[in-house]
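Below you'll find the structure, written out as structure tokens, and then a few comments.
Being a predicted model, the structure only gives us computed values, none of them experimental. When reading the values below, keep in mind they use all heavy atoms of this one structure, side chains included, and skip hydrogens, waters and symmetry mates.
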There are 2 protein chains.
Amino acid sequence: MTIIFSKKCEYGLQACLYLAAINTGAVIPSGEIAKQLKIPKEFISKILQSLTTSGLIYSKKGKLGGFSLAKDPSKIKLIDIVTAIDGLQLFEKCVLGFPNCSPDTPCPVHDKWGELRTKAYQMLTDETLDAFTEKTLRKIKNL
Amino acid sequence: MTIIFSKKCEYGLQACLYLAAINTGAVIPSGEIAKQLKIPKEFISKILQSLTTSGLIYSKKGKLGGFSLAKDPSKIKLIDIVTAIDGLQLFEKCVLGFPNCSPDTPCPVHDKWGELRTKAYQMLTDETLDAFTEKTLRKIKNL
DNA sequence: CTTCATAAAGATTATATATTCTTAAAATGA
DNA sequence: TCATTTTAAGAATATATAATCTTTATGAAG
Ligand code: SF4
Ligand code: SF4
């Protein structure tokens, strides 16, 4: 079940964190990424393709081909990946599903939700991928 | 697109907030609830049926039938409705979609996400439905 | 007892998302 | 040049969620 981000987005984040963590400039074939993250090769391949279009990922076809980050990990934030895959609706829509979100007609949980939303946004914006290396490696090792 | 809660859950929350806000003990036909919230009658009807099974909603068949809260608004929390419809997975699973959530192998955003999750849980647990009356009525009037 | 409005129940359809499959194009190296 | 490995692209399938429809049971009122 989707929690906050779509599966696509979750896997996209995982793959980018992985690529940042191993920290080789080299391209990694989708099969290797899939094996490390224990997810289907075809699926992560498709997701990384779309991130290639967004300019976050570099891909190389053919033998010795694969995927790598298009920029240095210190230049990529989690929010960039979320934006590219799920978009920013999460930070624009009401938790209660009311339409016409505006401070004029606040929904019942407006104040508290607004604050949480801001913090969540910060969480995705504050740090760049290189800050997560250690935890990512430990997490992946224990999958 | 689903944001945090499923559509079912969003509408369930809206309907309960509405029933609490109008604050008549009387049963309200699904058609009236649907009209107020501007959502399909059949859908909200189905959702309220399931909340009836959960014991949050009272329903009465036949002419002059309809739905009402099964308890006093001051006895119902938002989390009760969320639990009944979507369950509590949101507060148990990892934002990044890694399996095996545990403090031993924290995912890269464990600390920050954990804090937000706690606050979100509190937001749904702190107050009872009667606290939202005013804002609910204003919101519904402007739909 | 009959009529009518309603919820209950469950089948059905529609839509979105997730996943897999197939074929083509590219790049490498023999 | 040719065989091989890989991504790209997009079709096809599966699954989950959302929404609607149909039928039945219920209960109130005439
Ligand atoms: S009132 Fe708050 S939670 Fe509701 S729609 Fe507006 S911003 Fe979102
Ligand atoms: S590390 Fe934190 S965010 Fe990740 S699964 Fe565990 S609790 Fe969830």
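Within residues 11-36 of chain B, the residues that have a heavy atom under 4.0 Å from DNA chain D are, in order of number, B/Tyr11. Contacts with DNA chain C (heavy atom under 4.0 Å) in residues 38-48 of chain B: B/Lys46, listed by number.
A straight line from NZ of A/Lys8 to P of C/dT20 spans 14 Å, rounded to a whole angstrom. If you measure from atom NZ of A/Lys7 to atom P of C/dT17, you get 14 Å, rounded to the nearest angstrom. For the pair A/Leu37 CG and C/dT19 P, the interatomic distance rounds to 14 Å; values are reported in whole Å. Remark: C1' of D/dT24 and CD of B/Gln49 are 12 Å apart, rounded to the nearest angstrom.
Remark: B/Glu127 engages A/Lys112 in a salt bridge (charged side-chain N to carboxylate O under 4.0 Å, His left out) (not counting sequence neighbours). With sequence neighbours excluded, no residue forms a salt bridge (charged side-chain N to carboxylate O under 4.0 Å, His left out) with A/Glu32. Residues passing the salt bridge (charged side-chain N to carboxylate O under 4.0 Å, His left out) test with A/Asp130: none are found, sequence neighbours excluded. Applying the salt bridge (charged side-chain N to carboxylate O under 4.0 Å, His left out) test to A/Lys75 and every residue at least two apart in sequence or in another chain returns nothing. Qualifying ring-ring contact (aromatic ring centres under 6.0 Å, His included) partners for B/Tyr11, counting only residues two or more places apart in sequence or in other chains: B/Phe43.
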Pairs under 3.5 Å (N/O, protein and nucleotides 27-30 of chain C):
| from | atom 1 | to | atom 2 | distance (Å) |
| --- | --- | --- | --- | --- |
| C/dT28 | OP1 | A/Lys60 | NZ | 3.0 |

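Note on A/Thr52: every side-chain N or O is 4.0 Å or more away from OP1 and OP2 of D/dT7.
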Report task. Start with the C-alpha distance between A/Leu69 and A/Leu56, add both sets of side-chain angles, then the distance that settles side-chain contact (heavy atoms from CB on, under 4.5 Å), and finish with yes or no. Result -> CA-CA 6 Å; A/Leu69 295 177; A/Leu56 289 170; over 6 Å; no
Query raised in the report: Under the salt bridge (Lys or Arg N to Asp or Glu O under 4.0 Å) criterion, do A/Glu115 and A/Lys119 qualify, and how do the steps go?
Result: CA-CA 6 Å; A/Glu115 195 192 324; A/Lys119 289 230 176 95; 3.5 Å; yes
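For residues 117-143 of chain A, the ring-ring contact (aromatic ring centres under 6.0 Å, His included) pairs, not counting sequence neighbours, are A/Phe91-A/Tyr121. Applying the ring-ring contact (aromatic ring centres under 6.0 Å, His included) definition to pairs two or more places apart or across chains, none involves residues 21-40 of chain B. Under the side chain to side chain donor-acceptor pair (under 3.5 Å) criterion, no residue pair touches residues 47-66 of chain B, with sequence neighbours excluded.
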Under 3.5 Å, which donor-acceptor pairs link side chains of residues 12-22 of chain B to any protein atom two or more places apart or in another chain?
| from | atom 1 | to | atom 2 | distance (Å) |
| --- | --- | --- | --- | --- |
| B/Gln14 | NE2 | A/Leu96 | O | 2.8 |
| B/Gln14 | NE2 | A/Gly97 | O | 3.4 |

